[in-house]
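Down below is the structure, laid out as structure tokens.
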Amino acid sequence: MFPEKGTHEEDVLDELRLKTREDLTFDSGKILGSMCTYPHPFAVKIITEFIDRNLGDPGLHTGSRKVEEEAINMLANLLGLDKGYGHIVSGGTEANILAVRSFRNLADVEEPELILPKSAHFSFIKAGEMLGVRLVWAELKDDHTVDVRDVERKITDNTIGLVGIAGTTGLGVVDDIPALSDLALDYGLPLHVDAAFGGFVIPFAKALGYEIPDFDFRLKGVKSVTIDPHKMGMVPIPAGGIIFREKRYLEAISVLAPYLAGGKIWQATITGTRPGASALAVWAMIKHLGFNGYKEIVRKAMELSRWFAGELKKIPGVKLIREPVLNIVSFSTENLEAVEEELKRKGWGISAHRGYIRIVMMPHVKREHLEEFLRDLREVTVHSIKP
Ligand code: 0PR
């Protein structure tokens, strides 16, 4: 019920704390299956100071608009471009929708089709439904990357573009983006890379010596990339990123907002009023951590995932789905449902809905949490496997 009388701040806060006590928090070390993390304290500071900025009316906040542009260019730079065109948006979902929208508008075919791996995130289902684009799902190979030959077989005159994933949601696998890029160039199609998760991992992992193929604008067929600062970028939710190689991709989705403070403004994002503080936090975090700062975060996460995968192999009845590529390790067990239930009862924030349990080595996940998890897993599997 909408209260008639107001309540003291302290009392409201107490009630809210009580109501959210059942939430799992990142500092508990119990959240192992999330792609989010506790944001960096400096990013939280930025959000608090600039909470009122609205990039939906950039004529009011012209400084913030320029900062967003700089943030986009720094991300483009990380992804192998001198200059990119895009926005800090609400997340990977909006970023993917914008890419599909751009490809559809530019293709101008009556029955648009998008070819994407079976491993693609469900945000593409929303995109397809909203934009009237038929999704054509390409098969995966045994290593869980997309079968590029199957992608080629599925190209028709209605194809508006191809999608590759750099860091799949379930397994953190990176598709053969160089081959997809060549295919896209051969057929004159744009390639979108969903690096919502991998964008803030792969460039640093490569610099650390991990062998991961190119996935970004260094490949000429790649026309857009999703890269989410609110995943491994340590920026608070909401902060997704969409970067296009050329301005025309952004222009193809721009709508005229004729009456705003800046005069006639073209707006490409799905949201109108949108948090400028998020864009400023992206800019600030990149400046603060720099390439080396992110590289150090990724180094720890990658080392932890290799160690964890090794420990999992020692547990009878536990099977790795595949060797980790990024900082995601997924495994199955006999009697998986019972194991999941028992682990959840012990307080672990995990899910086995895909037929395996996914552990994401986010910055809040430490070795001691994983050691405790392994102890519980050993215990639970022994009991659950017994007839
Ligand atoms: N693309 C990929 C490859 C993703 O993994 C995700 C989200 C998206 C796009 C969509 O991003 P937004 O959720 O920012 O719109 N993947 C995570 C997942 O489905 C989202 C998530 C994050 C789920 C934290 C749970 C959680 O606790 O697993």
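The figures here come from the full heavy-atom set of this structure, side chains too, leaving out hydrogens, waters and symmetry mates. Order of listing sets the numbers, starting from 1, for every ligand and every atom in it.
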Practice prompt. Distance to 0.1 Å, residue and atom name: give those for the protein heavy atom nearest to atom 15 (O) of ligand 1.
Written response: T93 OG1, 2.5 Å

Fill in: Where ligand 1 meets D228 - atom numbers and elements under 4.0 angstrom, heavy-atom basis
11 (O), 14 (O)

Worksheet item: Can you tell me how far CE of M361 sits from OG1 of T37, rounded to the nearest 0.5 angstrom?
Response: 13.0 Å

Worksheet item: Considering only the protein, which heavy-atom contact is closest to atom 14 (O) of ligand 1, and what is its distance?
Response: H230 NE2, 2.8 Å

Practice prompt. Look at atom 1 (N) of ligand 1 and say which protein heavy atom is nearest, naming residue and atom and giving the distance to 0.1 Å.
Written response: D194 OD2, 2.6 Å

Discussion item. Show me which atoms of ligand 1 lie under 4.0 Å from any heavy atom of N96.
Written reply: 1 (N), 9 (C)

Discussion item. Please report whether the ring centroid of H364 lies less than 6.0 Å from that of Y38.
Written reply: no

Fill in: Min heavy-atom dist G167 to ligand 1 below 4.0 Å
yes

Discussion item. For K346, is there an ion pair with E379 - N to carboxylate O distance below 4.0 angstrom?
Written reply: yes

Worksheet item: Can you tell me the protein heavy atom closest to atom 10 (C) of ligand 1 and the distance?
Response: H121 CE1, 3.3 Å

Discussion item. With heavy-atom distances below 4.0 Å as the criterion, list the atoms of ligand 1 near A196.
Written reply: 1 (N), 2 (C), 9 (C)

Discussion item. Run the ring pair (Phe, Tyr, Trp, His ring centres under 6.0 Å) test on Y249 and Y85 for me, step by step, so that the C-alpha distance in whole Å, both residues' side-chain angles and the decisive distance to 0.1 Å come before the verdict.
Written reply: CA-CA 8 Å; Y249 290 97; Y85 304 86; 9.7 Å; no

Fill in: Carboxylate-amine/guanidinium proximity below 4.0 Å for E342 and R345
yes

Worksheet, complete the sentence: atom 24 (C) of ligand 1 has as its nearest protein heavy atom S34 OG, 3.2 Å

Worksheet entry | Numbered atoms and elements of ligand 1 in range of R358, under 4.0 angstrom, heavy atoms | 18 (C), 28 (O)

Worksheet item: Which residue supplies the protein heavy atom nearest to atom 18 (C) of ligand 1, what is that atom called, and how far is it?
Response: T169 CG2, 3.4 Å

Item to complete: Name the closest protein heavy atom to atom 20 (C) of ligand 1, giving the residue it belongs to and the distance to 0.1 Å.
Response: K231 CE, 4.5 Å

Worksheet item: Which residue owns the protein heavy atom closest to atom 17 (C) of ligand 1, what's the atom, and how far is it?
Response: M35 SD, 3.6 Å

Fill in: Under-4.0 Å salt bridge between R65 and E69
yes

Response to the item:
Atoms of ligand 1 under 4.0 Å from any heavy atom of G91, numbered from 1 in the order shown, are 14 (O), 15 (O)

